[in-house]
Structure formats: structure tokens, C-alpha cells
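Below is one structure, written out as C-alpha cells, with a few remarks after it.
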Number of protein chains: 2
Amino acid sequence: MPQHDPLREQIIAQYDAMSPQLQQAARYVLEHPDEVALVSMRELARHAAVQPATMTRLAKFLGKQGYDDIREHYVAVLRRGSDGFAAKVRQLDGGTTEAANGNIAAQMLHGLSAQISQLCEPDSLQRLEAIANTLKSASKVYVLGLRSCHSVAWHFHYVMSLLGERSVHLDGPAGTGGDALVRATPEDVMLVISVKPYAVATLELTQLAKDKGLTVLSITDSEVSPLVGMSEKTIFCPTESDSFFHTLTPALAISEVLCTLLAEGDRPKALDALQRADEHFLSLNTYSSAIPRRE
Amino acid sequence: MPQHDPLREQIIAQYDAMSPQLQQAARYVLEHPDEVALVSMRELARHAAVQPATMTRLAKFLGKQGYDDIREHYVAVLRRGSDGFAAKVRQLDGGTTEAANGNIAAQMLHGLSAQISQLCEPDSLQRLEAIANTLKSASKVYVLGLRSCHSVAWHFHYVMSLLGERSVHLDGPAGTGGDALVRATPEDVMLVISVKPYAVATLELTQLAKDKGLTVLSITDSEVSPLVGMSEKTIFCPTESDSFFHTLTPALAISEVLCTLLAEGDRPKALDALQRADEHFLSLNTYSSAIPRRE
DNA sequence: ACACAAATGATTCAAACGTTGCATTTGTCG
DNA sequence: CGACAAATGCAACGTTTGAATCATTTGTGT
């Protein structure tokens, strides 16, 4: 991480004065400085979803003579960075264990990173795949996650709804959360998220869904979770944390992966749904500026 | 210094079998691996005092299809080296890059893991600390996160409420989300979470809070996010993902770390609050007490 | 000294590069 | 609504790239 990057700061300083396209280009440059040095301008523009000419215009806008000035700068940055590479690695390497000891935040972040890494095990991947496939064939997906798991459940539902999937979030004010289940049929699937301690309401609603013939899938924290016995398929998320409470970050990661697998199953449809959503939000002025979609 | 560089070792192994010109080219490549990635072949040849064609011949001699194969390799090496922790994580996991290729889920999980790792940078840790300190001294914390950021906002609020902190979630049915701000005072703090595309309502409420004299803290995705200008302190969360949509997993990780730092600031109080919560839930039968064992 | 094959240099080519000017769209003011 | 300027997309340009081809040199065995 370069501490003083004058060009970077210049871009940030002039960002607000840029046109939307220039902003998009500038933003990509800010977020991927290495790429600037390593790939051609056209490819960079492609990745930033911007016209090649826009990169040139960005350079001019910044007072440079051409794009090469920008590239040269980031080449220099990268050169400098890789010089002290050995030292850097040594520092990171040695620092990891010791430095983290005195630092709760770093320690925790490392733990989370490792936990998510662990989800790459073949067993987990297989479970993810299986659950995604079941979700794919569902006529409707009821999503249930109460208390701490609300965040995961809601996020899954939100993304699914953007993708145009028939997702129903089992939640609502005044204890009406489970009401939507009255219309559920055996063609539907329920995705339930729950970690210890398991909310009674979650278990009750899950049992009800199972009784109604729904296929129950679950994201939960242990082989001995009560959900395991109620579910057709299960994926396990680590929840242990250095802090007082459980972490739901791995569970959220899982739900995002599931969304991706679902979307990836039918790319055209997903893209279409996203575009429709874009237009909807655009006409409602929901978001502050143009919404550039990534390819 | 690259740990395992197969191409480098191949060059060394075959060095003796090369013609003088090839050796000269090979030697320059070995001694300036970065240059290979950063300059054109012709320029590299110029520096190595060798014909451009010799570089192509070197590639063929090494069994590659063309010079680009060599360049790509050193680009990959440089890419890996330049982003510190992420590189290390990837490295620890061995054949990550290859293994993940055919598998969207694994690829995505690795990306998330690396992104969270990146948050261990000193700059991020410092920002986390600063924000936690401000939150600590707040009389009340208003939490705002709309649309996709709802999950993060809600989770933060939920944990805070368990910890007995005075947290107010700015959300509610029928568009009443911002109403709670009427009672806000300059002693209060607002924590706002928003990533691109930024919801108009979020920006408006944030501005309102700022106008009322609240200290605004934000979790957002870029130096050029509109929130940066409105916030006293900011922490940045990566959101890029292999999928169609942004990831909020790093943002959630950040919010969990903030919660932990806050709780850690006064352990006894946190423990006390948690116990009180436990008793509350016990008397309400919120959670299923026994974990039914399965055989 | 000669012949011959390997190595090297020079030349050429198609593709991709960064840049530019022009047409079109977009947003805004009169 | 029309007009104007800014912003953006598009197509063409001249240049440079990496690779292929051919000519020349070099080194070696007889």
C-alpha cells in the first residue's frame, strides 16, 4: 500500500467534477491501480465497462498529456512496491501471528478470512451445489431467518428478488411473519437460516413447512443443529469468533454464493431481471446516480 | 522474492542448453522479472541488448507458444505480490488459482476471504479503531442502512442492542424510517452504511443528521463515495465480486468487528448486558433450550 | 579451405494499441 | 418546445506490438 500517491489523491480531489463516465473510469482506476500498469488501456476500459476513449479523456481531464502518463505513474508505483517485496512478505508473515495478538480487530478479521476459506472444502462446495440445484427447481422459495439470522435471510431474499426469482421472505410486523406459508405447496422450497441459540419460532415454522410437504434446506452452524433433522439438505457455516457473540459473516458469504450459483444457472434471465430492476429504480429515482452494471 | 516460480526454475534448468543470445535474454529475464510484466517485449529486448526476435525464440525454446506466455506468467507473479495479505492467503491455500477456475463457488469464497484479509491493513485497522472510539463516546447511535445495506445495518443494531448499547435502527414500515431522528441531538452519532449505487434516501437522511449536528460515521465502498464528504470518519469495504451483484460480506465483517471493539472496550458491562439478555429470552422462551441430539 | 547447420540479424506482416475527430445522445436553459 | 452545450458512443487513423520469414553470419567437422 503506497502511503503517498499524489495521482490517486488528485483523482479523488477532482472526482466530483467529473462526468459520470469519467467517474466510472476513475473509480476503476482507483480500485485497481495494479491493472493500470499491467494491462492495456483497451482491456482496462473493457473491465471498467467504459469506452477506450474515456480513459484518454480521463488523462486529459487530469491535466496529463495522454493515458501513458497515468500508466507510467502506476508502473512506477508497482515497481517501487515490488522492490521491497521480500521485506514486505517478511513483515506480513512475521506480523501475522504476533501483531494480531495485540490487536483484536486484525485477529478477528484473520479468523473470518480463514473461516470463509474453509468453506472451499470439497464437502462444503458439494453441499452448496446441491442446495443451489434444489433452489433452482423450486417453484417458490420461502426464506426464514429470525433474530441474528435476519440479516442473512433478508439479504438472500433481497438479491433473489432483484434476480426476479420467486422469493418470499417469512417476516413481518406484528408476528405475521409465518402467514405467507398458508399458500405454500410441496413444489415450494424453504430456506431456513439459524444458528445457536436456535429461535423456537424458527423451528416451529420449519416444522410446519416440512409438514406441508415443502423441501427444507438450511444454513446452520453444526451437524447437531436441530435443523439438520428437519432439512433435506444442509450447509454448515462456522460461527465461532474471538468476540462475545457468534459471527454471521460466513453465513452471509454462503448466502451470496448461493445467489450467485442460482443466477449463474441462467445468466440471460438474471441479466434481464437485473436490467428490469435497474429501469424500475431509475424511474423511481431510488439511487443517486446512474447505475453502471458490470459485464 | 517469489517462493515457487516454476518458470524461473525452468529457465535456470534449461539455461545451459541455450545459445549465447538466448542466454543473454534469459539472464535478463531472470534478473528483472518485473520488467517482463511492465514493459513491451521490444523494450525488454532493448534493455537486454538483444533482438526482439530473440525473446520470441526464448519463449519457443521454453516450450511456450509465444512471448505472451512468459509475460502473462510474470504479470501473475506481480499481481500476486502486490496485494500483500490476499496473496498470502491464496498462497497458503496452495493451488487456489487453478483449483478455483472451474468452480464459481470456490472462486467466490476465495475472493471474499482475500477481501476480508485486506482489511487487516494498517490504514483499515486505524479507521476501525477511530470509528469504534467515536461510537464508544456516543450518547446514542442511529444506524442507517437501506436496501442492500439493510442486512449490515440491522445486524449491527441487533448486536448493539444485545450489548445494552443505546442503538436506534433507522428503519420502519410505511416510510417512517427516519422519524427517530427527530429526537437526535449533537451528542448522538449516526452510523450509515451504503455502497454503490447509493440510495437517495440514505444520502438525504445522512445530510439531515449532519445538519442536526450529529457526528456521522460511515461504512462505504470507495474514497469517492458521496458519503465520504458527509462523514467525520469512514471505513472502506470492498464490494467487488465475481457475481452479478456486489458483495456485502466484507461490510458485515466490518460491522462485527466494530461491535467487538465496542464490547471489548468495557468487558464487564458487555458481559452483564448479555447475561441480562439471556435471562430475558429464557423467560420468554425465545430460544430452544435443549439441542436435540441426533444419533 | 570448404561445406553445412545452427545461430543471429534484418525485414515484413497482421493485430492490437492509444488517440482523434465526428455523429449522436443527453440534459438544461431560454 | 426548441436550442444549445456537454457528454458520450463510434469509427477511423497512424503507431507500435509480437510473430513469422528470409538473409546473413558464425562456428564446427572434415
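In what follows, chains are A, B, ... by sequence order, proteins preceding strands, each numbered from 1.
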Inset, instruction - With rounding to the nearest 0.5 Å, note down the distance linking CE in B/Met55 to OG in B/Ser40. - result: 10.5 Å

Legend entry - Whole-Å gap separating P (C/dG18) and CD (A/Glu72): 13 Å

Legend entry - Sidechain N-carboxylate O distance under 4.0 Å for B/Asp69, B/Lys60: no

Inset, instruction - Measure across B/Glu240 and A/Glu31 and return the closest heavy-atom pair with its distance rounded to 0.1 Å. - result: OE1-OE1, 3.7 Å

Inset, instruction - Return the residues of residues 40-49 of chain B meeting this criterion: a heavy atom under 4.0 Å from some atom of DNA chain D. Order them by number, or give none. - result: B/Ser40, B/Met41, B/Arg42

Legend entry - For A/Ala25 against A/Val50, the heavy-atom pair lying closest together: N-CG2, 4.1 Å

Inset, instruction - Measure from CG on A/Asp69 to P on C/dG18 and round the result to the nearest Å. - result: 13 Å

Legend entry - Nucleotides bounding contact with chain B, strand DNA chain D, heavy-atom threshold 4.0 Å: D/dT17 to D/dT21

Inset, instruction - Evaluate whether atom CD of A/Gln65 has more than 12 neighbouring non-hydrogen atoms of other residues, nucleotides or ligands under 6.0 angstrom away. - result: no

Legend entry - Residue whose nearest DNA chain C nucleotide is more 5′ - B/Gln51 or B/Ala17: B/Ala17

Inset, instruction - With B/Val192 as reference, evaluate B/Thr220, B/Val216, B/Leu217 under the side chain to side chain contact (heavy atoms under 4.5 Å, CB included) test and give the passing residue. - result: B/Val216

Legend entry - Interatomic distance where CZ belongs to B/Arg57 and P belongs to C/dG9 [whole Å]: 8 Å

Legend entry - Considering all heavy atoms, the nearest A/Leu261-A/Leu128 contact: CD1-O, 4.1 Å

Legend entry - Side-chain N,O (B/Gln21) to OP1/OP2 (C/dG9) below 4.0 Å: yes

Legend entry - Intermediate values then yes/no, ring-ring contact (aromatic ring centres under 6.0 Å, His included), B/His169 and B/His150: CA-CA 10 Å; B/His169 187 201; B/His150 164 78; 5.7 Å; yes

Inset, instruction - Have a look at B/Pro52 and say if it touches a base, only the backbone sugar-phosphate, or nothing, with a 4.0 Å heavy-atom cut-off. - result: nothing

Legend entry - SB check B/Glu223 A/Arg8 (cutoff 4.0 Å): yes

Inset, instruction - Take the protein atom CG of B/Leu22 and the nucleotide atom P of C/dG9, then report the distance between them rounded to whole Å. - result: 11 Å

Legend entry - Nearest-Å distance for atom pair CG/C1', residues A/Leu58 and C/dT19: 15 Å

